[in-house]
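The structure under discussion appears below in the form of structure tokens.
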Amino acid sequence: ATFGGVLIMSVTLSLALNMRRMLKTNNLVRKMHACETMGAITVICTDKTGTLTQNLMQVHEAKLDTSKEDLIGEGISANSTAFLEEAEAGKKPSGVGNPTEIALLLWLNEQGKNYMELRERATVVNQLTFSTERKYMATLVDSPIQQKRVLYIKGAPEIIMGKCNLSPDAIAQYNADLLAYQNKAMRTLGLAYKYIPEGVGEDCSELVNEGGMTFLGIFAISDPIRPDVPEAVGKCQSAGIGVKIVTGDSPGTATEIARQIGLWKPEDSERNRITGVEFAALSDEEALDRVLDLKVMSRARPMDKQRLVQLLQQKQAIVAVTGDGTNDAPALNHAHVGLSMGSGTSVAKEASDITLLDDSFSSITSAVMWGRSVYQNIQRFILFQLTINVAALIIVLLGSLFGSELPITVTQMLWVNLIMDTFAAGALASLPPSPEVMKRKPRNSNAFIILPQMQRLILATGITFVVILLGLLYVLSNYAGGIEAGTPEGLRNLTIFFTVFVMLQFWNMFNAKTFGTNDSAFKNIFKSEGFLTVGMAIIVGQILVVNFGGSVFRTIPLTWVEWIWI
């Protein structure tokens, strides 16, 4: 019962310490159990925008009619509802409005043109904002540059080209360029204009439908992959964790992103990707057969994401899911660990267990490393404490055979318990995470926490301690004046025995530190400030107990020679 209570305290202390330290790696843990559960996950279902990518749309390439720079500049500036924000030092440029429009404004600024000045000089006569049905935006302006009324239009290139006077060869060339961009997961945009005579009407929709526009060219706009993501995905794969992209983007875009981050391999086939509509059409039996093989789900809807999580769980997978929108809440709730984005909605955050403050996939990898390390630290504590329990139990039972006095008093055992419970829990829980844990496969979440290797160590080390201590007790009883507390020699011998017992546990703390590794206990020791602090506290505490414990602890001061021997 005592061990159970102590274990609960130790686990809680370990998780609480790791919650605080994980915050430094941009993981805000909202539910304590998630610290440890992250170490057992076998599958991560991640969205794309902002997590795998930078969520910063930018112009990758522009194929434009360079003879009409004034029209292009005014068209981008006036035919837009977005605004740029003043860039802060050290922060990425940003804006308010549609991300694609922000990308165009940023590109225009890079060309040395002030979009706001161009926008304010042009007088807007009428404007038709972008809609997914029309797939274009149009603005009619009185242009001071052209000294004419101009209709500017931008939108899906295939729609815009259909309104323009282009030759079949030009259309074929543009279509080839567009296909190449789209196969690289880029968003494409077309620009066009038309001079409008006075008195022919101001309805943008009618003017656009009349056609006869002049094509200005195309933009290829990309949301670049975060530079740290390919390495982070590689770490997850080497750690035996499957990564699945679940996104609303097109199959081509989603697959290209998967290829760029190292998830999609040349040998992968259609079995490894699916659209949300195709997934919904599968029966549960068919879906269960494919679910572990899937790497990319495109055109995914919220319920597709939730169903994917539930089917993975039926296959005994431990699933982590990322999400930032209100619609992601069901999937976040059903997952073993829900990961919301720092930039996400409050509903998503409430449904999640951990919030990624920087929205990055690499933070998930850090959380996995911390989760595996905290589980290992809990195992180390169990190893440490059970070893002491085995030794203490046998010593107390057999020690009295060597004399009338108990070799360890109740008060001394309380001090030992303080060391092995509170101090050791803090020391072992504060050990920094080891990158080595990411080279192993996920643990079986149903496995007994005390591994066979631990059982052997507990028994071997515990029995070794018993042999050493009983041997010492025998020598002190028969060859060093006895262990009767009523005599000075006996009291000194009992103090020596007690101090040796404590120092063996001090050594065992270093022994437990090495569990799960092949490293020396002193590797990176100076990076384990908490461990060193506790170690010093035990030594100083034992010196104080021996020198000033007196009759309460049944001790007398020892000489420096005796301390050195011990």
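The first residue of the sequence shown is numbered 1, and numbering continues consecutively from there.
In this structure, CG on Leu308 lies 10.0 Å from CD on Gln313, to the nearest 0.5 angstrom. To the nearest 0.5 Å, the span separating CD on Gln58 from OG1 on Thr100 amounts to 12.5 Å. Here CG of Asp47 is found 3.5 Å from OG1 of Thr322. Values are rounded to the nearest 0.5 Å. One distance of note links OG1 of Thr188 with CG of Leu179; it measures 10.0 Å at 0.5 Å rounding. Within the model, atoms NZ of Lys439 and CD of Glu436 stand 4.0 Å from one another, a figure rounded to the nearest 0.5 Å. The line from CD1 of Ile261 to CD of Glu231 is 13.5 Å long, rounded to the nearest 0.5 Å.
Judged purely by distance below 3.5 Å, without hydrogens or angles, the side chains of Ser352 and Ser340 pair a donor atom with an acceptor atom. Side chains of Thr123 and Asp142: no donor on one and acceptor on the other come within 3.5 Å. Residues Gln310 and Gln314 have side chains that never bring a donor and an acceptor to within less than 3.5 angstrom of each other. Side-chain contact annotation: Thr25 with Asn27, donor-acceptor N/O pair under 3.5 Å present. Remark: the Asp169 side chain and the Gln173 side chain contain no N/O donor-acceptor pair separated by less than 3.5 Å. Side-chain atoms of Asn209 and Lys163 form a donor-acceptor pair, as typed in the model, at a separation below 3.5 Å.
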Enumerate, atom names and distances included, each donor-acceptor pair closer than 3.5 Å involving a side-chain atom of residues 286-293, sequence neighbours excluded.
unit_1, atom_1, unit_2, atom_2, d
Glu286, OE1, Ser283, N, 3.0
Glu286, OE1, Ser283, OG, 3.3
Arg290, NH2, Glu270, O, 3.1
Arg290, NH2, Arg271, O, 3.2
Arg290, NH2, Arg273, O, 3.1
Asp293, OD2, Arg271, NE, 2.9
Asp293, OD2, Arg271, NH2, 2.9

Output a table of donor-acceptor pairs, distance under 3.5 Å, between side-chain atoms of residues 323-330 and any protein atom two or more places apart or on a different chain; print 'none' if there are none.
unit_1, atom_1, unit_2, atom_2, d
Asp328, OD1, Lys305, NZ, 3.3
Asp328, OD2, Asp324, N, 3.0
Asp328, OD2, Gly325, N, 3.0

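Remark: side-chain polar atoms of Glu278 are paired, donor with acceptor, to backbone N or O of Thr275 under 3.5 angstrom. Remark: side-chain polar atoms of Arg372 are paired, donor with acceptor, to backbone N or O of Arg440 under 3.5 angstrom. Between the side chain of Thr42 and the main chain of Ile318, a donor-acceptor pair closer than 3.5 Å is present. A distance-only check finds a donor-acceptor pair linking the side chain of Glu101 to the backbone of Ala82 [under 3.5 Å]. A donor-acceptor contact shorter than 3.5 Å links the side chain of Arg134 to the backbone of Thr129. Tyr115 places a side-chain N or O within 3.5 Å of a backbone atom of Leu84 that can act as its donor or acceptor partner. Side chain of Lys244 to main chain of Met297: no donor-acceptor pair is present (N/O by atom type, distance under 3.5 Å, no hydrogens or angles). Distance alone, capped at 3.5 Å, places no donor-acceptor pair between the Gln306 side chain and the Pro302 backbone. The closest donor-acceptor contact from the side chain of Lys194 to the backbone of Leu207 lies under 3.5 Å. No side-chain donor-acceptor contact under 3.5 Å links Thr355 to the backbone of Leu357.
Enclosure of atom CZ in Arg307 by more than 12 non-hydrogen atoms of other residues, nucleotides or ligands within 6.0 angstrom is indicated. No more than 12 heavy atoms of other residues, nucleotides or ligands shown are found within 6.0 angstrom of CD on Glu69. Within 6.0 Å of NZ on Lys68 lie more than 12 heavy atoms contributed by other residues, nucleotides or ligands.
Contact of the Leu64 side chain with the Phe219 side chain is registered, since non-hydrogen atoms from C-beta on lie closer than 4.5 Å. Taking 4.5 Å as the limit, some side-chain heavy atom of Leu151 sits within range of a side-chain heavy atom of Cys204. Considering only heavy atoms from C-beta on, Cys45 comes within 4.5 Å of Val319 through its side chain. Put simply, the side chain of Thr81 reaches to within 4.5 Å of the side chain of Met137, judged on heavy atoms. Between Tyr136 and Lys154, every side-chain heavy-atom pair lies at or beyond the 4.5 Å cut-off. You'll find the side chain of Val29 stays beyond 4.5 Å of the side chain of Leu23, heavy atoms only. Counting heavy atoms from C-beta outward, Val337 and Ile354 have side chains that approach closer than 4.5 Å.
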side-chain contact (heavy atoms from CB on, under 4.5 Å) between Thr51 and Ser360, worked out: CA-CA 5 Å; Thr51 309; Ser360 178; over 6 Å; no
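Within the structure, side-chain hydrogen bond (donor to acceptor under 3.5 Å, both in side chains) pairs that include any residue of residues 234-243 do not occur (at least two apart or interchain).
Both tests pass for Arg119 against the ring of Phe83: distance under 6.0 Å to the centre and angle within 45° of the axis.
Ion pairing between Arg30 and Glu350 holds under the 4.0 Å rule for side-chain N and carboxylate O. Under the 4.0 Å criterion applied to side-chain N and carboxylate O atoms, Glu202 and Arg149 are assigned as salt-bridge partners. Ion pairing between Glu74 and Arg121 fails under the 4.0 Å rule for side-chain N and carboxylate O.
In terms of heavy atoms, Phe361 sits closest to Cys236 at CE2-SG, 4.0 Å. Across all their heavy atoms, Glu117 and Asn114 have their closest contact at N-OD1, 3.1 Å. Closest approach of Thr53 to Ile257, counting heavy atoms only: CG2-CD1, 4.2 Å. Contact between Ala40 and Pro442 at its shortest, heavy atoms only, is O-CB, 4.1 Å. Across every non-hydrogen atom of Ala320 and Leu339, the tightest pair is CB-CD1, 4.0 Å. The shortest non-hydrogen separation linking His33 to His336 is CE1-O, 4.1 Å.
Classified by interplanar angle (parallel below 30°, tilted 30° to 60°, perpendicular above 60°), the ring pair Tyr193/Tyr152 is tilted.
Shown are Asp359, Asp358, Leu356; of these, the side chain to side chain contact (heavy atoms under 4.5 Å, CB included) with Asn26 is made only by Asp358. When each of Thr12, Leu17, Val11, Asn18 is checked for a side chain to side chain contact (heavy atoms under 4.5 Å, CB included) with Leu15, only Val11 meets the rule.
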